[in-house]
Amino acid sequence: MNCENRLFGKIAFITGATSGIGKSTAIAFAKEGVNLILTARRENLLLELKTFLEKEYHIQVFTLRLDVRNAEDVKRSIEMLPLSWRNIEILVNNAGLALGLDKEYLNSSDDIDTVIDTNVKGMLYVTNAIIPLMLSHKKASIIVNLGSVAGDSAYAGGAVYCASKAAIKILSDGLRIDLVDTPIKITNIKPGIVETNFSNVRFKGDEERARKVYTGIQSLTPEDIADTIVYICNLPDNVQIPEITMTPMHQADGLHIYKNVNLNTF
């Protein structure tokens with residue numbers, strides 16, 4: 001196995017970086033000597049993570065308090081990046097969420113807007129602001145979009161979320177086509193069940209309901225996804241992984257999951 005580190009000294013831009021997959025990805029990149037632009041809405045958590053990463057891994061970290069749903073904020077923040085931080089070679093579009101498990105016609109307009117604006121429009125806003133920077137420096141670069149197995153088919157109560165992740169697949173495919181004559185690679189990672197605060201957000205703080213999602217199955221961890229992201233980004237420039245699906249053992253796809261009620265996963 002080739003363990004050459006091709007990442008050292010590069011700059012990676014990560015959205016939703018203060019928890020879950022985003023935070024684990026930041027740590028995994030830091031271990032490889034990648035300098036990081038970290039974005040999230042909670043500035044205090046960004047600063048805590050910056051302090052930890054710089055002290056532990058001796059890299060440089062630039063933070064942006066950013067709501068990816070705000071197109072003007074995204075555009076302005078990226079345009080105002082200091083010159084030394086503009087050579088972004090890795091973008092990880094991680095920010096995303098689901099809200100509720102209501103039937104499609106019972107979803108509130110606020111929840112619909114939040115999911116679509118974050119998962120789809122937010123990804124587009126950030127990507128469209130960063131690609132010109134990638135094209136300007138003409139270095140081999142990669143964009144990793146966090147999709148989901150939920151984007152392959154709908155499940156009960158999840159139509160809006162599933163649709164948002166289906167959009168990520170199509171947008172990733174379209175972007176790969178549009179950039180085929182450039183040195184920018186596009187990967188769509190589609191995880192299955194990953195134990196993060198995702199379900200706690202989906203159920204709006206109902207911890208008991210969120211806990212049941214992960215009961216009876218050994219879920220993927222954020223570190224599993226982060227390790228895969230690092231692996232993909234570290235491949236030689238001539239190797240592109242357009243799409244990768246990851247599920248825990250006993251999850252076949254977005255719909256078929258075997259849970260052992262006697263398995264204590266905590």
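Throughout, numbering of the chain's residues begins at 1 and tracks the sequence.
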For the pair D67 and R42, evaluate salt bridge (Lys or Arg N to Asp or Glu O under 4.0 Å) and give the outcome as yes or no after the intermediate values. CA-CA 9 Å; D67 186 340; R42 293 174 289 182; over 6 Å; no

Carefully, step by step, assess I11 and W85 under the rule side chain to side chain contact (heavy atoms under 4.5 Å, CB included). CA-CA 7 Å; I11 296 175; W85 284 100; 3.9 Å; yes

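- For the pair D237 and P183, the minimum side-chain heavy-atom distance is 4.5 Å or more.
- Summarising the geometry, atom OG belonging to S153 is positioned 8.5 Å from atom NE2 belonging to H256; distances are rounded to the nearest 0.5 Å.
- A donor-acceptor distance shorter than 3.5 angstrom exists from the side chain of K165 to the backbone of L146, with no hydrogens or angles considered.
- You'll find the side chain of I217 stays beyond 4.5 Å of the side chain of N260, heavy atoms only.
- Of all heavy-atom pairs between A159 and E104, the closest is CB-OE1, 3.3 Å.
- The CD1 atom of I27 sits 7.5 Å away from the CD atom of E223 when rounded to the nearest 0.5 Å.
- Among V230, I232, I225, the one residue that satisfies the side chain to side chain contact (heavy atoms under 4.5 Å, CB included) test with T228 is I232.
- Judged by distance alone, the side chain of Q251 and the main-chain N or O of D253 form a donor-acceptor pair under 3.5 Å.
- The CD1 atom of I90 sits 8.5 Å away from atom CD1 of I14, with the distance rounded to the nearest 0.5 Å.
- Shown here is F8, whose CZ atom has no more than 12 heavy atoms of other residues, nucleotides or ligands within 6.0 Å.
- At a threshold of 4.5 Å between non-hydrogen side-chain atoms, the residues D111 and K204 count as touching.
- With respect to the salt-bridge test (charged N to carboxylate O, under 4.0 angstrom), the residues E72 and K75 do not qualify.
- Taking every heavy atom of both residues into account, N107 and L99 meet most closely at OD1-O, 4.2 Å.
- Side chains of R209 and L101 form a contact here, defined as non-hydrogen atoms less than 4.5 Å apart.
- With hydrophobic clusters built from ILVMFWY side chains whose heavy atoms lie under 4.5 angstrom apart, I21 shares a cluster with L36.
- Note: the hydrophobic cluster containing V149 does not contain L255 (ILVMFWY, side chain heavy atoms under 4.5 Å, direct or indirect links).
- Across every non-hydrogen atom of Y214 and K259, the tightest pair is N-NZ, 4.2 Å.
- Within a 6.0 Å sphere centred on CZ of R86, heavy atoms belonging to other residues, nucleotides or ligands number more than 12.
- Checked against the 6.0 Å centroid criterion, the rings of Y161 and F198 qualify as a close aromatic pair.
- Here the side chains of T187 and I143 are not in contact, with every heavy-atom distance at 4.5 Å or above.
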Stepwise, does the side chain to side chain contact (heavy atoms under 4.5 Å, CB included) test hold for L171 with L175? CA-CA 6 Å; L171 291 169; L175 192 57; over 6 Å; no

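- In this structure, the side chain of R176 engages the main chain of I186 through a donor-acceptor pair within 3.5 Å.
- A distance of 9.0 Å separates CG of N35 from CD of E54, quoted to the nearest 0.5 Å.
- Between the N94 side chain and the G16 main chain, a donor and an acceptor come within less than 3.5 Å of each other.
- Panel note: side chain D224, backbone T221; a donor-acceptor pair is recorded below 3.5 Å.
- The main-chain N or O of N234 is found under 3.5 Å from a side-chain atom of R6 such that the two form a donor-acceptor pair.
- By the 4.5 Å heavy-atom criterion applied to side chains, I130 and F13 are counted as neighbours.
- Under the 4.5 Å side-chain heavy-atom criterion for Ile, Leu, Val, Met, Phe, Trp and Tyr, I184 and M123 are members of distinct hydrophobic clusters.
- Side chain of T215 to main chain of V213: no donor-acceptor pair is present (N/O by atom type, distance under 3.5 Å, no hydrogens or angles).
- Counting only heavy atoms from C-beta outward, the side chains of V144 and N188 never approach each other to under 4.5 Å.
- Screening L46, T39, T63 for a side chain to side chain contact (heavy atoms under 4.5 Å, CB included) involving T18 leaves a single residue, L46.
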Hey, mind stepping through E89 and S141 against side-chain hydrogen bond (donor to acceptor under 3.5 Å, both in side chains) and telling me if it holds? CA-CA 4 Å; E89 295 174 67; S141 302; 5.4 Å; no

Full working for side chain to side chain contact (heavy atoms under 4.5 Å, CB included) between H250 and I257: CA-CA 6 Å; H250 305 309; I257 302 166; 5.9 Å; no

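- Cluster annotation: F52 is connected to L38 through the hydrophobic network of ILVMFWY side chains, with a link wherever side-chain heavy atoms come within less than 4.5 Å.
- Here the closest non-hydrogen pair linking G192 and L220 is N-CD1, 4.2 Å.
- Looking at I88 and M134, their side chains come closer than 4.5 Å, going by heavy atoms from C-beta outward.
- Heavy atoms only, all atoms of each residue included: N197 and S19 are closest at ND2-OG, 3.9 Å.
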side-chain hydrogen bond (donor to acceptor under 3.5 Å, both in side chains) for N145 and N93? Distances and angles first, verdict last. CA-CA 5 Å; N145 294 324; N93 281 310; 2.8 Å; yes

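- Without hydrogens or angle criteria, R202 side chain to G100 main chain gives a donor-acceptor distance under 3.5 Å.
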Verdict with supporting geometry, K23 and L49, side chain to side chain contact (heavy atoms under 4.5 Å, CB included): CA-CA 8 Å; K23 183 177 181 178; L49 184 56; 4.1 Å; yes

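- To the nearest 0.5 Å, the span separating CG on L64 from OG on S77 amounts to 5.5 Å.
- Across all non-hydrogen atoms, the minimal contact from L53 to A30 is CD2-CB, 3.9 Å.
- Side-chain atoms of K190 do not come within 3.5 Å of backbone N or O of E243 as any donor-acceptor pair.
- Looking at T182, its side chain does come within 3.5 Å of a backbone N or O of L179 through a donor-acceptor pair.
- In this structure, CG on L7 lies 6.0 Å from CD on E32, to the nearest 0.5 angstrom.
- A continuous path of ILVMFWY side-chain contacts below 4.5 Å connects F203 to I193, so both sit in one hydrophobic cluster.
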